[in-house]
Amino acid sequence: MKKKFVSNFFCILCALVLGAGMAGCGTGTDGDSSSADPEPDPVYIENPIVEKDMADPHILRWEDSLYIYSTGGKISRSDDGITWTEAGHVGFSPNWGTPGAGFWAPDIVQIGDKLLLYYSLSVWDDPNPGIGVASADHPEGPWTDHGKLFTSQEIGVDNSIDPCVFVGQDDKVYMIWGSFRGCYGIELTEDGLALKNGLDYARDNKVLVSGKAGPWDGSTFEGSYVIYRDGWYYYFGSSGTCCDGLRSTYHVRVGRSRNPLGPYVDSRDRELAGSGNVGDTILAGSGNFVGPGHNSILIDDLGYYYIVYHVWINDNGEGKGRYLAMSRLDWDEEGWCLVKGGAPGKRVIAPYLEKSTQSE
């Protein structure tokens, strides 16, 4: 069976959408409305949905629960899509990086029967950060750390952080990573635990996916995230400053491609690779919400897409964050996504989680 992005949730989705694949998102199920079951009454939750630092959140659907993994190795859990509780820590502290480097910007994906947790190991202004991988059988661990995949100097990409790993429609495993000095893509081995054909091959054959090499350029991208929908791969990247409190300019831009590693273009046909200030901005700060970004994507059991991200809150002139927030994604007739109003809403309809039928 073909593996999908983020988690085995996509298998559940395909059954729910009644043969429509991933089409029709944002409209519930397709088909004859007279025979379709009515949607449950919406339940609204307030943004931010968690008022604690949960920077760089990656969301995972696992059975009847949702999990969030964030910078620092924190794990949070929700059984209803509404209330979140702390579910522990990844429980390991890699030491192969720069002395004092921390666990940043995790990304988690199920490959085969294993959950693989990709992480950045970095300090601020790190001259040689890198990316490692760990595995587990359950979202709460225990985790086995397999160590580094590469450092910046080994792979030839400055500021090698922010891994994004996904399984393409061709069943190949891809990684996109990087931060404001070019985001690049490579292929991993079938089990996701190593670079296909080794480090030298990956260094020489990596593909520029977004942004450009060179000095720090906040008009380009970091925090890459990719989903597949209706024949397109959609690339989400964050631009601007992430961590400046109320001066943060973080926001999310989107492009799409027919191929996993691009070329990705925006709705004006501008390529994301090689340039800054490109991509369609779908989420930016407004009002008391400042610097939303570094997102992941959830699809609920009604087929609605949600963008999950961190955001600063302006509390009477004091910047609080980076708190966890969520918005629905809508899709237009040409297949481009958007957030209503282009900014975090004060309220959002909670994602719907259908509980499994328990055997008697």
Side-chain angles (χ1 to χ4, degrees), residues 55-58 69-73 94-107 117-133 147-166 174-186 188 195 199-200 202-226 235-244 247-253 255 261-262 264 271-279 291 293-296 309-310 322:
D56 315 321
H58 185 106
Y69 302 80
S70 55
T71 284
N95 59 10
W96 49 262
T98 299
F103 184 104
W104 288 9
D107 180 271
L117 182 69
Y118 299 87
Y119 61 88
S120 313
L121 202 57
S122 182
V123 296
W124 286 106
D125 297 322
D126 197 329
N128 192 29
I131 292 172
V133 61
K148 71 173 179 177
L149 289 171
F150 53 79
T151 66
S152 298
Q153 293 173 5
E154 289 171 341
I155 200 71
V157 176
D158 290 340
N159 211 22
S160 281
I161 60 173
D162 294 0
C164 161
V165 176
F166 60 96
Y174 296 95
M175 173 187 282
I176 299 174
W177 81 98
S179 172
F180 297 130
R181 294 169 176 84
C183 295
Y184 291 82
I186 54 174
L188 302 182
L195 308 178
L199 177 61
D200 290 345
R203 182 182 60 242
D204 295 341
N205 292 275
K206 60 184 179 288
V207 177
L208 180 63
V209 174
S210 68
K212 53 188 176 181
W216 187 92
D217 185 348
S219 75
T220 60
F221 298 94
E222 68 169 9
S224 303
Y225 195 85
V226 173
Y235 173 92
F236 298 77
S238 294
S239 298
T241 56
C242 71
C243 312
D244 246 353
R247 295 185 297 274
S248 298
T249 59
Y250 227 30
H251 58 282
V252 179
R253 302 182 188 181
L261 298 183
Y264 286 88
E271 288 198 15
L272 272 56
S275 301
N277 294 314
V278 293
H294 205 122
N295 73 276
S296 53
Y309 51 93
H310 69 239
R322 293 167 277 175

**OP:** Please confirm whether the backbone N or O of Val278 pairs with a side-chain atom of Arg253, one donor and one acceptor, at under 3.5 Å?
**Re:** yes
**OP:** For Lys148 and Trp96, indicate whether the former's side chain and the latter's backbone hold a donor-acceptor pair under 3.5 Å.
**Re:** no
Original post:
Taking the inter-plane angle between the rings of Tyr184 and Trp177 on a 0 to 90° scale, is it parallel (under 30°), tilted (30 to 60°) or perpendicular (over 60°)?
Top reply: tilted
Subject >> Side-chain (Asp56) to main-chain (Thr71) donor-acceptor, under 3.5 angstrom >> reply: no
Original post:
What are the two closest non-hydrogen atoms of Leu121 and Gly97, and how far apart are they?
Top reply: CD2-N, 3.4 Å
Subject >> Glu154 CD to Leu149 CG distance, which is reported to the nearest 0.5 Å >> reply: 10.0 Å
**OP:** Identify the heavy atoms of Cys242 and Trp124 that sit nearest to each other, and give their distance.
**Re:** SG-CH2, 4.4 Å
Subject >> Taking every non-hydrogen atom, the tightest pair across Cys164 and Asp107 >> reply: CA-OD2, 3.8 Å
Original post:
Can you find a pair of side-chain heavy atoms, one from Ser120 and one from Asp162, that are under 4.5 Å apart?
Top reply: yes
Original post:
Between the main-chain N or O of Ser179 and the side-chain N or O of Asn159, is there a donor-acceptor pair closer than 3.5 Å?
Top reply: yes
Original post:
Taking all atoms of both residues into account, what is the closest heavy-atom pair of Pro127 and Gln153, and its distance?
Top reply: O-NE2, 3.9 Å
Original post:
Does Thr151 reach the main-chain N or O of Gly130 with its side chain, forming a donor-acceptor pair under 3.5 Å?
Top reply: no
**OP:** State, to 0.1 Å, how close Ile186 and Leu261 come at their nearest heavy-atom pair, and which atoms those are.
**Re:** N-CD1, 4.2 Å
**OP:** Walk me through it: do Tyr118 and Leu188 pass the test side-chain contact (heavy atoms from CB on, under 4.5 Å)?
**Re:** CA-CA 12 Å; Tyr118 299 87; Leu188 302 182; 3.8 Å; yes
Subject >> Flag side-chain contact, heavy atom, 4.5 Å: Leu195 against Phe150 >> reply: yes
Subject >> Side-chain donor or acceptor of Ser296 paired with backbone N/O of Pro57 under 3.5 Å >> reply: yes
Original post:
Hey, which of Tyr235, Tyr264, Phe180 is the one that makes ring pair (Phe, Tyr, Trp, His ring centres under 6.0 Å) with Phe221?
Top reply: Tyr235
Original post:
Should the ring pair His310 and Tyr250 be called parallel, tilted or perpendicular, given that the plane angle runs from 0 to 90° and is split at 30 and 60?
Top reply: parallel
Original post:
Do other residues, nucleotides or ligands put more than 12 heavy atoms under 6.0 Å from the CG atom of Asp125?
Top reply: no
Original post:
What is the distance from atom NE2 of His58 to atom CG of Asn295, rounded to the nearest 0.5 Å?
Top reply: 10.5 Å
Original post:
How long is the span from the CZ atom in Arg181 to the CH2 atom in Trp216, to the nearest 0.5 Å?
Top reply: 8.5 Å
Subject >> Interatomic distance, Asn128 atom CG to Ile155 atom CD1 [nearest 0.5 angstrom] >> reply: 11.5 Å
Original post:
Ignoring hydrogens and geometry, is there a side-chain-to-backbone donor-acceptor pair from Thr241 to Thr249 under 3.5 Å?
Top reply: yes
Original post:
Is the closest side-chain heavy-atom distance between Leu117 and Phe103 below 4.5 Å?
Top reply: yes
Original post:
What heavy-atom pair brings Ser160 and Ser152 nearest, and what distance separates the two atoms?
Top reply: N-OG, 2.9 Å
